[in-house]
Protein chains: 2
Amino acid sequence: MTESPYLAIKRSITDGIAARHYAPGQVLPSEHELCRKFGVARMTVNRAMRELATEQLVRRVPGVGTFVAEPVAQSGLVELRNIADEIAARGHTHTARIFALGPHAPDAAFGGTPLYHSAIVHYENGDPIQFESRLVNPALAPDYLQQDFTKITPNEYLVRVAPLQEVAHDVQAIPAAPPISQHLDLSPGEPVLLVTRRTWSANALAALTHLYHPGSKFMLTGHFNPQSK
Amino acid sequence: MTESPYLAIKRSITDGIAARHYAPGQVLPSEHELCRKFGVARMTVNRAMRELATEQLVRRVPGVGTFVAEPVAQSGLVELRNIADEIAARGHTHTARIFALGPHAPDAAFGGTPLYHSAIVHYENGDPIQFESRLVNPALAPDYLQQDFTKITPNEYLVRVAPLQEVAHDVQAIPAAPPISQHLDLSPGEPVLLVTRRTWSANALAALTHLYHPGSKFMLTGHFNPQSK
DNA sequence: GAGTGGTCTAGACCACTCA
DNA sequence: GAGTGGTCTAGACCACTCG
């Protein structure tokens, strides 16, 4: 089964952006060019590009052209925050230790395909601040297992290779239990802030992530400025 | 200047939903019917309905039809949701008990003026689900102490009298301690999800709110779908 | 088989920008 | 004036559901 043309066009653009073949601000091929390149009607190209625009991956200017969007800083708890950047912003030192990185059995949430899994503890000035356990869709990040996640966080890597389409969060307070209590240097039962995050890219579930934080040392912050609606 | 056809179609549907002319779950006119009604091509109707689907206002089932979406309880870290509405959306019963309502000593965060204070426990089907302690700026809500907060939540009242300008959140996991453990029916030390919320209105801090939730029974969820408007 | 939505075509007219 | 995106048309074929 082959992808429908408008999806193929979207993918070709998102792949080009992810691969830095198209840089932020750069002009993309016009609709007319894409028609020729893919051998389709302009309405088909138009739909693909219009959807990319509503997903804020590109910016369209009538009479001028279509451009790769500058990466936007979304506010607050919705933002996909990079733990390493956050720690650096506080003037502290980030280190990471990898506890697992390899294939993983299929999970129903991903539709039963084999997965990748990583388990990493992040430290701020040597103190454990986050234990992240992540299931990743290999189709969207085939080289996931080859990365050095002490140098680039999984989050940073995934944002780069799989442009973000949609995010959902759950936040809970749960009691610490092994092995998480050990990884975070907590006594069993101490409060842990658990953020469960699902991210979608290219119309598929890209990653299912569990982020565990010591309740005493970690705080999620969010800021919201109502402009739309 | 007149609205473009596909926008007119969208508006006619959204108006119908807002006016309860179309109820949740109800089937909407088919694309073919809408073509006749508006005198346009099906592609035009299709675009309108497809956009409503991505906005989650309608749900489309191939081969069956298009239906008004059930109201989604995608409560937000970003949205200011009303706890009573959230509980109602789950089909449960909300009740509230007031533990304090009166003047409060000045707080540095508000610039040293006298304040109002309220402390309320919210119950879902009789189970305590949130303890809210709120400091309010009297300048922005002078009649705060005269409200019956078993009938209208402080949040709802404040949104009404002081249009929201800006919101900031902190989220933490902390151990329960008296009196909060008692209000939430928890053992001391059990995890509590604490949301600290600051809201601004008319360029002034309007309220400083602490929302405590039993970690085991409460979950914050957030959903982010990059699309404008 | 009749009806639905999903997708596509090969044109078209428009308002706009830029050189 | 040449090029861009925004929108629309009047058809079409498909996979699907339901009675």
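Atoms considered below: every heavy atom in the structure, side chains included; atoms not considered: hydrogens, waters and symmetry mates. Letters go in sequence order (proteins before strands), and every chain restarts at 1.
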**Q.** Any side-chain donor near an acceptor of the partner, B:Thr93 and B:Tyr123, under 3.5 Å
**A.** no
Q.
Nearest 0.5 Å, please: how far is CG in B:Asn155 from NE2 in B:His122?
A. 8.5 Å
Q.
Please confirm whether the shortest side-chain N or O distance from A:Thr66 to OP1 or OP2 of D:dT4 is below 4.0 Å.
A. no
Q) DNA chain D: stems of at least 3 consecutive Watson-Crick or G-U pairs, cut-off 3.5 Å? A) C:1-18 with D:1-18
Q | Short N-O contact, B:Arg60 and B:Glu31, less than 4.0 angstrom | A | yes
Q: Taking ring-ring contact (aromatic ring centres under 6.0 Å, His included) as the test, write out the residues that go with B:His32, two or more places apart.
A: none
Q: Would you give a per-nucleotide map of nucleotides 8-13 of chain C, 5' to 3', where B means the base has a protein non-hydrogen atom under 4.0 Å away, S means only the sugar-phosphate does, and - means neither?
A: BBB-B-
Q: Any chance you could lay out the side-chain contact (heavy atoms from CB on, under 4.5 Å) test for B:Ile83 and B:Thr153, step after step, and finish with the verdict?
A: CA-CA 8 Å; B:Ile83 183 86; B:Thr153 65; 4.2 Å; yes
Q: May I ask you to list the residues of residues 28-37 of chain A, by number, that have any heavy atom positioned under 4.0 Å from an atom of DNA chain C?
A: none
Q. Which pairs, with at least one residue in residues 101-114 of chain A and sequence neighbours excluded, count as a salt bridge (charged side-chain N to carboxylate O under 4.0 Å, His left out)?
A. none
Q | Sequence-aligned protein contact record of nucleotides 14-19 of chain C, with B where the base is within under 4.0 Å of a protein heavy atom and S where only the sugar-phosphate is | A | --BS--
Q. Under 3.5 Å, side chain of A:Asn137 to main-chain N/O of A:Ala207, donor-acceptor pair present?
A. no
